[in-house]
Structure formats: C-alpha cells, structure tokens
Undergrad: 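Below is a structure I'd like to ask you about.
In each ligand, atom 1 is the first atom listed, and ligand 1 is the first ligand listed. These numbers were taken from a predicted model, which means no experiment stands behind them.
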Amino acid sequence: MNVLIINSGSSSIKFQIIEMPSETWVCSGLVERIGQQDAVLNYKTSATSLQQTESIKTHKQGLHKIVELLLHSEKGVIKSTDDIKVVGHRVVHGGNSFSNTTAITTQVKQKIKEYATLAPLHNPGNLEGILVAEEVFPSAKQVAVFDTAFHQTIPEKAKRYAIPNQLYDEQSIQLYGFHGTSHQYVSEKAIAHLGLKNSKIISIHLGNGCSMTAILNGQSTDHSLGFTPSNGLIMGTRSGDIDHGIIYHLVNTLNYTVDEVKEILTYKSGMLGLTGYNDLRDIEAEAEKGNRDCQLALQMNAYRIQKYIGAYAATLNGLDAIIFTAGIGENSSLIRKLVCRNMDYLGIELDDEKNETKSKSLREINTPVSKVKILVIPTNEELEIAKQVFQLVK
Ligand code: AMP
C-alpha cells in the first residue's frame, strides 16, 4: 500500500511516499517559499532528482505541482491519483482531544482549526494541506498524526502549571508537548537497540525547533515545550524559558505592544537574537573565527540542555541513554561535545573520536566505561507517520 505523507507548513509542503508494510521509500520532496515568485520544488525518486524554481502562489497550486510530478510518464511513481490509498498528515497541535492517530472527519478538522489558537505557526498550514489533499486525492483515506499525541501520557504533576485551577478546568491551559512523532520514533529505535525491558531515556530533538522528553519504559513523562512550542531550550529564533516578568516589563514599562513582544520572543530571539544568525552552521563557523557572541550562544545553548538532562535524570531516578536527533542533534558534533562535557557525575562520557564520525544510521558515541549510552539516531517523522497510519487503516 502506498502511503503519501504530507507535512504542510505555513509556506512549505514536505511530502514522501512510503510503501507499507515493507517501509520502502518511493519518493520524497519539498515545496518551499509558497506564495512567492521564486518558490522551490525539490523532488527525488530512485531514478530522478530535480529542483525547479517557479512561482507557486498557494498550497493548492503546490500540491497540484507535486501530483503532476508523481503522475509524470518518465519521472513519476504512480499511474493515477487512485494509486494513493491513504494520505497521512502531520498535525502539530491536537490539544487534549487526540491521543492517537485519527481518521479525518469534519469534526476533526474543526478541532484542528480550534487548536490553531495554540499553534498559530503550524496548525493553519496543516489544515490547508488536509483540505487540498481531500480535493486532489478524493478516493484516499485522510488520516491525522498529531505531534501532541505521544505526550498524552505525561502525568498531571508534570503537565499542570501552578496557576488557578479554573484556567486548567475551563480553558485547558496545560503542557501539551510537541515533536511527538520524532521523540516516539527515536525512543523506539533506542529501546530496540538497548534491548532493555525497563528503560530510562532522555530524547533531545535539536532542529529549528528544539525539545527534550523524559521517557520511562517508552512513555513520555515530561517534556520541555509546553502549552505552545515556545518553552524550554534555546531555539533558532525562539527564546525558550524566560521569566514571564520580562513580558510585563516590556509591555508596561518599555511600551511594547503584546504583538511586538510575541514577535520578539518567537521570531527574533533564540540563537538569532544572540548572534544575528539562526542556522547553527553559520554560528559554529563564526565562533571558530572568534566571534564572541556566537561562542557565548553555543555555551548558553548547551548549558540549557545540560540543565534539562539533570532535571529529567532526577525525575526518572536514573538514566540509561540520551539520544541526539534532528538537524543539529544528528550533525553538530560541537553541540554534542558541549552538552556532554562535565556530565561524568551522571555517568555520561563522550568518546570524542566516535562523536566526529559521520553516519546516517543509529550510532553509539559514548566511551566503553560510560554508564549512560549516548546515541545519535536520525529521526524519520515521515516513516513514523506512515507506520501509524498503516496500523490504523490496514
Ligand atoms: P531540522 O529542523 O531538523 O531540519 O534542523 C534544521 C537545523 O539543523 C538547521 O537550521 C541547522 O541549524 C542545523 N544543521 C543542519 N545541518 C547541520 C550541520 N551539519 N551542522 C550544524 N548544524 C546543522
């Protein structure tokens, strides 16, 4: 069965076809800069690799371009849109309504729309992708996989904020968690690799967005992002943890509007706010040249991760493994080195040579005496979505 996975963002559509249950990759691609004259379409199969720049105004136009390629007589991989039996959609925020992968109905779409207030950067694009896919693949089943679902096991003592009960009871203000498909995928891989019946793992997802999850016996028990994807670690453009008193000071004393504060904390903070760059490759290169802001930002970034490792190891009452994943976690040996430095008290000891080796598969980068395994595991959110979707429809 061909499963088409769509990860539709505010200005991009990432797609992949995976043949299930063999988990065979068929094709993948990405349309970026939707809404602009110079949108970029990347497409790859085992026989073809292409990139074209053209005007793509809407998600609908973007998905039609993708379908044109999928059906193309030479470069294509399907004969008709009916060959796609099921479309799996990544949806960032499912609130408290969805703890599992769910077939999409009118009510489900309504809920995704409602939760856009909680994930304004993500849910509107996710919903747009669903609406367009329903039109383009009318005979396919449409299924939603929620980033928040994996975190539904977080107990109340960890997911509640110490604010008046009424805000939880009536307004559902609580920690929801994000990057769930990624944390679930890499932690399942780690558990299989470790071969442990009972396991205490910390998963560290470091990409454009960054988050950490404490995972006890395969279940999420705490997580660094919260009510919205803004808490916790220092991210590309998001601040992560700050004292909320800063917000009142900005508004009441320095006369920023609430929207301006949101703009600052969401798009102008994090590594970008500290250095002027948001891509870690640029920051590492600048730090190497002696740029003090970049050097400090790297130290701050790693220090924040260390604090969360300490906190989660305490709540798990021990630690078997930490996992590095996503763009930065998989590729930046420098961040891994800074994070693992001075963590021998917790039994985390990095092997510098193994840390520098490059590989696209799961690898251990700890020394032989390290009590805690340090794992680098490439995430594959699309495959996790395909697996969950296939389980639901098979
Ligand atoms: P993701 O959101 O998982 O696609 O991660 C994207 C981020 O990963 C980029 O913004 C970069 O900061 C970072 N990244 C990707 N490749 C490297 C690399 N080789 N070294 C350091 N950072 C990287």
Undergrad: How close does the nearest protein non-hydrogen atom get to atom 13 (C) of ligand 1, and which residue and atom is it?
TA: I328 CG1, 3.4 Å
Undergrad: Check this for me: does any side-chain nitrogen of one of E54 and K65 sit under 4.0 Å from a carboxylate oxygen of the other?
TA: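 Counted as a salt bridge, because a side-chain N and a carboxylate O are separated by less than 4.0 Å.
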Undergrad: Which residue is it: E134, K109, H89? I am looking for the one with a side chain to side chain donor-acceptor pair (under 3.5 Å) to Q142.
TA: H89
Undergrad: Which residue and non-hydrogen atom of the protein lie closest to atom 11 (C) of ligand 1, and at what distance in Å?
TA: D279 OD1, 3.3 Å
Undergrad: Below 4.0 angstrom, counting only protein heavy atoms, does anything approach atom 4 (O) of ligand 1?
TA: no
Undergrad: Have Q388 and Q184 got a donor and an acceptor in their side chains that come within less than 3.5 Å?
TA: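 Checked: Q388/Q184 side chains pair up, N/O donor to acceptor below 3.5 Å.
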Undergrad: Counting heavy atoms only, name the option from A285, G327, S182, C210 that's nearest to atom 14 (N) of ligand 1.
TA: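 Closest candidate by heavy-atom distance is G327.
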Undergrad: Would you mind checking if R281 and E284 are paired as a salt bridge, meaning a charged N to carboxylate O distance below 4.0 Å?
TA: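 Result for this pair is no, no salt bridge flagged.
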Undergrad: Considering heavy atoms of the protein only, find what lies nearest to atom 20 (N) of ligand 1 and give residue, atom and distance to 0.1 Å.
TA: R281 CG, 3.5 Å
Undergrad: Considering N331, L334, I335, which one's heavy-atom position lies nearest to atom 18 (C) of ligand 1?
TA: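 Heavy atom nearest to atom 18 (C) of ligand 1 belongs to N331.
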Undergrad: Are H151 and F178 close enough that their ring centers fall under 6.0 Å?
TA: no
Undergrad: Of all the atoms in ligand 1, which lie at a distance below 4.0 Å from a heavy atom belonging to G207?
TA: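 Heavy-atom distances to G207 below 4.0 Å select 1 (P), 2 (O), 3 (O), 5 (O).
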Undergrad: Just jot down the ligand 1 atoms closer than 4.0 angstrom to any heavy atom of L280, in number order.
TA: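 Selected atoms, number and element: 11 (C), 12 (O), 22 (N).
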Undergrad: Would you say S332 and ligand 1 have an N/O pair spaced under 3.5 Å apart?
TA: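 Min N/O separation from ligand 1 is not below 3.5 Å for S332.
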Undergrad: Students should be able to answer this: which protein heavy-atom is nearest to atom 2 (O) of ligand 1, and at what distance?
TA: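 Protein heavy atom at minimum distance: N208 N, 2.9 Å.
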Undergrad: Hey, is D147 close enough to R90 for a salt bridge, meaning N to O under 4.0 Å?
TA: yes
Undergrad: How about H179 and H223: are their ring centroids closer than 6.0 Å?
TA: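 No - the distance between ring centres of H179 and H223 does not fall below the 6.0 Å cut-off.
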